[in-house]
**Student:** 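So that we are looking at the same thing, I have put the structure below in structure tokens.
Just so it is clear, the structure is predicted and the values come from calculations on it, not from any experiment. Ligands are counted one by one from 1 in listed order, and the atoms in each one are counted from 1 as well. Along the sequence shown, residues are numbered consecutively beginning with 1.
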Amino acid sequence: MQTKIFQTKIQASKVAAKIIAAEIKQKPNSLLALATGKTMIPIYKELIKLKPDFSQVKTFNLDEYVNSNEYHNFMNKYLFSKTNIKKSNIHFPKNKNYDNEIKKSGGIDLCILGIGMNGHIAFNEPGTKFSTKTHITNLSEETRKVNKTKHKKAITVGISTILKSKKIFLIATGSSKAKAIQQTLKGKISESIPATALRKHKNTTIILDKDAAKMLKKRKI
Ligand code: GLP
């Protein structure tokens with residue numbers, strides 16, 4: 001696992017945007033697994049500036065609240081409406097068949113992840129088995145509070161769905177993520193911190209700004 005640390009959130013976001021644009025250029029019909037959340041807003045903003053050709057790109061979002069289009073609306077607002085992506089190439093998890101749909105479409109080339117303050121990836125909350133595929137999950141109190149949501153359930157790709165991706169990038173910015181990042185990179189690999197599963201993957205890069213990386217530094221004696 002590689003870790004790249006940048007001075008500012010905007011620098012980290014620009015690098016993440018360039019990685020997505022480079023993937024699309026190199027493989028125009030790439031299958032991208034995409035995240036929502038505040039971390040992604042500047043990344044999608046920078047990505048749009050690079051004007052990638054989305055005409056053949058397929059996207060599979062990582063998660064959505066049950067009985068809601070909130071994340072779909074987020075993606076329309078911040079990314080899809082500003083690209084030439086075909087509506088038929090946009091996918092959101094609806095049921096357990098999502099893993100098969102991903103497989104039939106060629107598998108995830110590039111998976112872009114954020115991280116929750118409790119170490120969740122997509123909506124795989126602490127305690128989720130690393131073997132899980134797409135499933136409905138009960139959101140933790142902490143996640144509901146941080147996300148300021150009334151929704152109690154979400155449908156999310158599983159950890160095993162994520163780990164099947166050819167490349168994974170996890171982006172974290174801001175000091176609120178520092179503890180989760182320290183646990184992810186330095187703690188024991190454990191289902192109690194879902195993001196630690198990424199250490200089992202061969203091609204994962206973690207992109208951080210210095211605030212998110214602040215607990216990784218060695219203490220001076
Ligand atoms: C949300 C989403 C995740 C996202 C994470 C971080 O709950 N389910 O996919 O990566 O939490 O969100 P934010 O970037 O707003 O901190």
**Student:** Under 3.5 Å, is there a donor-acceptor pair between the N118 and E125 side chains?
**Tutor:** yes
**Student:** Starting from atom 7 (O) of ligand 1, what is the nearest protein heavy atom, named by residue and atom, and what distance separates them?
**Tutor:** N147 ND2, 2.8 Å
**Student:** Give the numbers and elements of all ligand 1 atoms closer than 4.0 Å to a heavy atom of F123.
**Tutor:** 7 (O), 8 (N)
**Student:** Parallel, tilted or perpendicular: which describes the rings of F60 and Y98, with under 30° parallel and over 60° perpendicular?
**Tutor:** tilted
**Student:** Taking atom types as modelled, find out whether T8 and D209 have a side-chain donor-acceptor pair closer than 3.5 angstrom.
**Tutor:** no
**Student:** If we only count N/O pairs under 3.5 Å, is A122 in contact with ligand 1?
**Tutor:** yes
**Student:** Once you round to the nearest 0.5 Å, how far does CD1 of I171 lie from CD1 of I206?
**Tutor:** 9.0 Å
**Student:** Check for a donor-acceptor pair, side chain of S30 on one end and backbone N or O of L32 on the other, with a separation under 3.5 Å.
**Tutor:** no
**Student:** Any chance NZ of K167 has more than 12 other-residue heavy atoms, nucleotides or ligands included, within less than 6.0 Å?
**Tutor:** yes
**Student:** Look at atom NZ of K133 and say whether more than 12 heavy atoms of other residues, nucleotides or ligands are closer to it than 6.0 Å.
**Tutor:** no
**Student:** Can you tell me which residue and heavy atom of the protein come closest to atom 4 (C) of ligand 1, and the distance to 0.1 Å?
**Tutor:** T36 O, 3.7 Å
**Student:** Is it true that, when you exclude N95 itself, more than 12 heavy atoms of the residues, nucleotides or ligands shown sit nearer than 6.0 Å to its CG?
**Tutor:** yes
**Student:** Looking only at distances, please establish whether an N/O atom of ligand 1 is found under 3.5 Å from an N/O atom of T143.
**Tutor:** no
**Student:** Classify the angle between the aromatic ring planes of F92 and F80 as parallel (below 30°), tilted (30 to 60°) or perpendicular (above 60°).
**Tutor:** perpendicular
**Student:** What protein heavy atom sits nearest atom 6 (C) of ligand 1, and how far off is it?
**Tutor:** I115 O, 3.4 Å
**Student:** What protein heavy atom sits nearest atom 12 (O) of ligand 1, and how far away is it?
**Tutor:** G37 CA, 4.0 Å
**Student:** Distance under 4.0 Å to a non-hydrogen atom of G114: what atoms of ligand 1 satisfy this?
**Tutor:** 10 (O)
**Student:** Students should be able to answer this: which protein heavy-atom is nearest to atom 11 (O) of ligand 1, and at what distance?
**Tutor:** H120 NE2, 3.0 Å
**Student:** Just need the protein heavy atom nearest to atom 15 (O) of ligand 1, so name the residue and atom and give the distance.
**Tutor:** K38 N, 2.8 Å
**Student:** Just need the protein heavy atom nearest to atom 14 (O) of ligand 1, so name the residue and atom and give the distance.
**Tutor:** T39 OG1, 2.5 Å
**Student:** To which protein heavy atom is atom 9 (O) of ligand 1 closest, and what is the distance rounded to 0.1 Å?
**Tutor:** D63 OD2, 3.4 Å
**Student:** Under 4.0 Å, counting heavy atoms only: does K177 come that close to any atom of ligand 1?
**Tutor:** yes
**Student:** Could a heavy atom of L62 be found less than 4.0 Å from some atom of ligand 1?
**Tutor:** no
